[in-house]
Amino acid sequence: MRWPWSSRNTLPLLHVDIDEGEGPTVVLVHGIASSTTTFTNVIPMLLPDHRVVAIDLLGFGASPSPADAGYTIEEHVEYLERTLASLDVGRCILVGHSLGSLIVARYAATHAEAVRALVLVSPPVYLPPDAFGDPVERTAMGLYLRAYEFLRSNKRFTIRNAAVLSRLSPIKDVLEVSERNWRAFTLSLQHAIETQTAVSDIAAVSAPVQLVYGTLDPFLMPGGLRIVEQMRHVSVHRVAGGDHVIRPRMARVVATAVASVAAREFRVG
């Protein structure tokens, strides 16, 4: 797929932090304000039986931050597509966390031939507030969007509090909001999370989808998740007491989900 603002031959590649192992290829795509560090607890569980490719998203980690980037979902997908093509990945299992889950869902919806299966971890599936019939959920969605707008509009507050959360996180350096990635953070939040088509993207995916999330994740909207959970090609794994971070227990669920779809796919194939 081509976008009017892009020239595929001149796009820089995303940073590939890990490309190791043998077996079915698993591509790991992290979320906003993070890096491949997101998957610290997952990667060791996958490497014995898979080729593991872990990529930093546009504007995050060690990936480039083009001055003219708009950080739309389409742009994130095109950079991902070009990077995977450079690695000769072929058909793969895509694992996305948070924003990464929205990106891989769009990728799978538009590149069906390239995807064996999806594993969506902690996906922030949002809808416009007026799409919710329940007034409580409608109000909650509105509050999420206003909170994100506040974060985008209050740079010093957001950077300072992100640093505090990063220090408290069980995974070192899993969260970064700084001067370096501020533009990528705010535009990705606005153009890929607040404005999204995750429900229709996931519905359009022809590959099997594994949905993994923690029951205490503060960034998830139950109403949006319910819609996805009802789709026939989606299998759901709820991690009791889990939050947004992929801690060891959630990592085991993610690794099991990957192994199950890999085994099923290769038995069929």
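- Contact of the Glu113 side chain with the Arg91 side chain is not registered, since no non-hydrogen atoms from C-beta on lie closer than 4.5 Å.
- At distances below 3.5 Å, not a single donor-acceptor pair connects side-chain atoms of Ser235 with backbone N or O atoms of Gln210.
- Proximity of Ile171 to Thr38: side-chain heavy atoms (C-beta onward) are nowhere separated by under 4.5 Å.
- Aromatic rings from His244 and Phe219 are positioned such that their centres are separated by under 6.0 Å.
- For the pair Glu81 and Arg106, the salt-bridge criterion is not met [side-chain N within less than 4.0 Å of a carboxylate O].
- A donor-acceptor pair under 3.5 Å is absent between the side-chain atoms of Ser63 and the main chain of Gly59, judged by distance alone.
- In this structure, the side chain of Glu20 does not engage the main chain of Val53 through any donor-acceptor pair within 3.5 Å.
- Put simply, the side chain of Leu211 does not reach to within 4.5 Å of the side chain of Leu118, judged on heavy atoms.
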Report the C-alpha separation of Arg146 and Glu194 in whole Å, then their side-chain angles, then the decisive distance to 0.1 Å, and conclude whether the salt bridge (Lys or Arg N to Asp or Glu O under 4.0 Å) test is met. CA-CA 10 Å; Arg146 285 196 289 275; Glu194 296 173 57; over 6 Å; no
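- Counting only heavy atoms from C-beta outward, the side chains of His97 and Met250 never approach each other to under 4.5 Å.
- You'll find the side chain of Val121 reaches within 4.5 Å of the side chain of Val119, heavy atoms only.
- Shown are Asp201, Ile73, Leu94, Leu58; of these, the side chain to side chain contact (heavy atoms under 4.5 Å, CB included) with Ile103 is made only by Ile73.
- Using a distance-only test at 3.5 Å, with no hydrogens or angles considered, a donor-acceptor pair links the side chain of Glu75 to the main chain of Gly70.
- Heavy-atom minimum distance, Val27 versus Cys92: CG2-SG, 3.8 Å.
- Side-chain contact between Ser188 and His76 is present, with heavy atoms from C-beta onward closer than 4.5 Å.
- In this structure, the side chain of Arg249 engages the main chain of Ala240 through a donor-acceptor pair within 3.5 Å.
- Using modelled atom types, one side-chain atom of Ser86 and one backbone atom of Thr83 make a donor-acceptor pair closer than 3.5 Å.
- Aromatic ring centroids of Tyr71 and Phe185 lie 6.0 Å or more apart.
- In this structure the side chain of Ser122 never reaches within 4.5 angstrom of the side chain of Ser101, judged on heavy atoms.
- Between the Ser200 side chain and the Thr197 main chain, a donor and an acceptor come within less than 3.5 Å of each other.
- Side-chain atoms of Thr195 come within 3.5 Å of backbone N or O of Gln190 as a donor-acceptor pair.
- Under the 30°/60° scheme for interplanar angles, the aromatic rings of Phe157 and Phe150 are found to stand perpendicular.
- Side-chain contact between Leu220 and Val125 is absent, with no heavy-atom pair separated by less than 4.5 Å.
- Ser34 places no side-chain N or O within donor-acceptor distance of the main-chain N or O of His30, the cut-off being under 3.5 Å.
- Under the 3.5 Å distance criterion, the side-chain polar atoms of Asn181 are matched with a main-chain donor or acceptor of Ser178.
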